[in-house]
Amino acid sequence: METLKPSNFIRDIINHDIKVEESSLSRVETRFPPEPNGHLHIGHAKSICLNFGLAAEYNGVCHLRFDDTNPTKEEAEYVEAIKRDVKWLGFDWGQHLYYTSDYFDKLYKCAVELIKKGKAFVCHLSPDEIRQYRGTLTHPGQNSPYRERSVEENLELFEGMRRGEFDEGSCVLRAMIDMSSPNLNMRDPVLYRIIKNTPHHRTGANWCIYPSYDYSHPISDALEGITHSICTLEFEDHRPLYDWILNELSLFDSHPKQIEFARLNLTYTVMSKRKLLELVTGNFVAGWDDPRMPTISGLRRRGYTHEAIRKFCEVIGVAKANSIVDIALLEHCLREDLNQRAARVMAVLNPLRLVIDNYPEGLLTEELDAENNPEDSSMGSRKIPFGKVIYIEQDDFCEQPPKGYFRLAPGCEVRLKHAYYVRCVDVIKDNDGRVMEVHCTYDPETKGGWSKDGRKVMGTLHWVSVEHAIPAEVRMYSHLFIKPNPEDEGDFKSNLNPDSLITLTSAMIEPSLANAAANSRYQFLRHGYFCVDTDSALNMPVFNRTVSLKDSWLKGGKAK
RNA sequence: UGGGGUGUGGCCAAGCGGUAAGGCAUAUGGUUUUGGUCCAUAUAUUCGAGGGUUCGAAUCCUUCCACCCCAGCCA
């Protein structure tokens, strides 16, 4: 089934551009330009899918460019992590891997050109003074006293900056635009600043001056032949500057078009790098790849498929309105994908012993057939050992069942998935009245879970044979925050969900899972989708709950 | 108060002058050896508000309102 790609304003712009330029060059070239100062999250995935997706759609290419112009914040470690994440999402930049730092020489030459044109000057105002001279939102700024220096002097000073003759913070190179512009970005913005004693992860100590984002980005785009430079809304105000830079530098024959879209926000989580870093450094989570994090690595470890993430990025659309997408939509895309591919297995999370009184005490283990995936018969079936004593879920037995409950209760009959019908005949409790064991009788005529007499049972329970069960640790993850918008009021950390991780250590899983490979995904029947965590040990597999199954009983049925 | 943006059902989002797509969520019913999946049905007389143009407006004009972004030598 071919799903029609929803239209969006960026596609409209590109379609228009291609039509207008059809006689000349109608290529499409985009780029994903992360700064290597943190890990990628699902918000970046939106941008990645957009940029790589658009390029693919128009038979163009998408570059991966590390925007590494600030050595005080960037690290090589992030570069590798980012590459891995983009690859995992299934995108290929081919030969188009770039670094802004590769352009430092060219960027420097362009700056010299600007100075020669009288469009840039070295300013010795302190950071504080620059701020004062900039004016405010409602009042124009004032020209820097250094604005009138001669081209020769500026050239000499800038060269001196490059040679390291000035202290950090003592001077900067500024564009000469308009200090009275209502757009603060045009009030003689800083083009170069001095950063000393902080080696750059790629250029080491070769440079002590570094270009600003506003200056380097348009030039990098133009150098690479980018046609559409897609970024987020907050850069809308910077577009005049982006265009100014390229217009002043006549050496480029292409002038990329900057297009801004609204970044992704999701309910029950946070997306800013700063806040995510805070969660990691404050040990509120176990690291960047903690399965509760919205990072690509976190989602991956949680058990998300890249297909689900990509589908999500497609269905949320692209627009310019700020929005917060319901995380239920992400989970929907995940379930939709996992439902097709995940093998069904049985796992009892909170075990309760069930003894079948009339089941023979034979030495031979009875093995039952179980389909692996009702959605996909090509996934085949497996044998599951049955027994006189099995584990069922504590929640699947209730001594005094509420209306509408159709699991096991005294006197009631249910089906054990793939096995037999059993009827509860006795309940054993401890001194505190807690149910310790349930006794049942089974009907040998219902093997496989069918009854010849057409007798109906409402409930079907999953189970695991006590004799064959394998203990496992199961990590039940849920939303990281208790509020749809954690940033709403006060410190976002005060809205952390204390139950975002509940570790179950006495779960029992069916023996077929004994050698489950790390990262493999399963559906634990009636529970949800789980994946094998890398923390798994030889005798203690660890499963992460990726997402629960929808539960109309918990949701509405139980309440009624 | 200067500038730049955005406002379509609970959440996203199409629509680009011809009489409100789609998805999620929600509710109900059907199927079902997962209270899963699947299937069906329901939910905006109305597009931030008012005024205007037009035979006809969410789409054009106008006024107003709300929200977001900008005063880093961050990106």
Side-chain angles (χ1 to χ4, degrees), chain A residues 3-4 6-8 12 33-35 37 67 69-70 72-74 123 125-127 130-132 134-141 168-174 181-187 189-195 210 212-214 216-217 231-240 260 262 264 267 273 315-333 335-336 339-340 344 346 370-371 374-375 404-407 415-419 421 446 448-450 457-462 484 523-528 548-558:
Chain A
T3 49
L4 213 61
S7 133
N8 69 50
D12 291 345
E35 182 189 12
N37 70 340
D67 205 358
T69 58
N70 186 351
T72 66
K73 296 189 172 178
E74 298 148 7
C123 180
L125 249 26
S126 70
I130 286 188
R131 193 178 319 123
Q132 282 162 15
R134 185 152 37 220
T136 68
L137 294 178
T138 50
H139 296 286
E168 209 167 292
S170 65
C171 59
V172 291
L173 181 72
R174 291 227 256 166
S181 170
N183 180 346
L184 305 223
N185 295 117
M186 300 299 269
R187 318 242 263 226
V190 170
L191 267 24
Y192 267 93
R193 75 285 207 183
I194 297 169
I195 298 176
Y210 289 90
S212 63
Y213 166 88
D214 283 323
S216 62
H217 212 85
C231 61
T232 43
L233 254 29
E234 67 270 28
F235 292 106
E236 217 151 14
D237 286 345
H238 297 236
R239 194 179 344 127
E260 311 83 13
L264 170 68
T267 55
K273 276 187 188 176
V315 301
I316 54 175
V318 181
K320 296 191 71 163
N322 288 314
S323 62
I324 304 177
V325 176
D326 192 338
I327 199 164
L329 181 53
L330 211 211
E331 294 172 341
H332 161 80
C333 294
R335 290 191 183 102
E336 185 177 58
N339 179 48
Q340 294 303 317
R344 273 61 170 171
M346 295 201 284
E371 63 184 345
E375 304 295 321
Y405 185 87
F406 48 84
R407 277 111 101 147
R415 171 170 40 232
L416 294 176
K417 179 82 175 176
H418 306 306
Y421 285 10
T446 56
W450 302 97
V457 290
M458 286 300 283
T460 300
L461 313 187
H462 60 276
Q523 182 194 105
F524 285 2
L525 230 51
R526 302 208 299 135
H527 281 302
S548 68
L549 248 27
K550 288 210 282 187
D551 187 346
S552 58
W553 167 245
L554 236 189
K555 202 160 50 188
K558 208 172 183 175

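Every value quoted in this text rests on a predicted model; they were computed, and no experiment measured them. Just so we're on the same page: letters track the sequence lines, and every chain starts at 1.
- In G72(B) the base sits syn relative to the sugar, since the glycosidic angle is no further than 90° from 0.
- Rounded to whole Å, the C1' atom of G50(B) lies 23 Å from the corresponding atom of C55(B).
- Closest contact between the side chain of Ser323(A) and the listed nucleotides U37(B), C24(B), C12(B) involves C12(B).
- Comparing the same atom, C1', in G15(B) and in C47(B) gives a spacing of 10 Å after rounding to whole Å.
- Atom CZ of residue Arg526(A) and atom OG1 of residue Thr460(A) lie 7.5 Å apart, to the nearest 0.5 angstrom.
- Each of Thr460(A) and Ala321(A) has a nearest nucleotide on RNA chain B; the 5'-most of these lies closest to Ala321(A).
- Comparing the C1' positions of C11(B) and G18(B) gives an interatomic distance of 30 Å, to the nearest angstrom.
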Open item on the list: Generate the contact string for nucleotides 65-71 of chain B. Rules: B means base contact, S means sugar-phosphate contact only, - means no protein heavy atom under 4.0 Å.
Closed with: ---SBBB
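- In the model, His238(A) has no side-chain atom that pairs as donor or acceptor with a side-chain atom of His217(A) under 3.5 Å.
- Rounded to whole Å, the separation between the P atoms of A21(B) and G5(B) comes to 31 Å.
- Going from the C1' atom of C24(B) to that of G9(B) covers 13 Å, rounded to whole Å.
- Closest approach to the Ser552(A) side chain among G15(B), G36(B), C73(B) is made by G36(B) (side chain taken as heavy atoms from C-beta onward).
- Note on Ser212(A): only backbone sugar-phosphate atoms sit closer than 4.0 angstrom, heavy atoms only; bases stay farther off.
- Residue Arg407(A) has no polar side-chain atom (N or O) positioned under 4.0 Å from OP1 or OP2 of G35(B).
- Asp214(A) comes within 4.0 angstrom of no nucleic acid atom, judged by non-hydrogen atoms across all strands.
- Straight-line distance between the P atoms of A14(B) and G48(B): roughly 14 Å, to the nearest whole Å.
- Nucleotides A75(B) and U34(B), compared at atom C1', are 48 Å apart to the nearest Å.
- Regarding contacts with the backbone of A75(B), a side-chain N or O of Arg193(A) is found under 4.0 angstrom from either OP1 or OP2.
- Here, C38(B) and U31(B) have their C1' atoms 8 Å apart, quoted to the whole Å.
- Comparing G35(B), U34(B), A25(B) against the side chain of Ala328(A) picks out A25(B) as the nearest.
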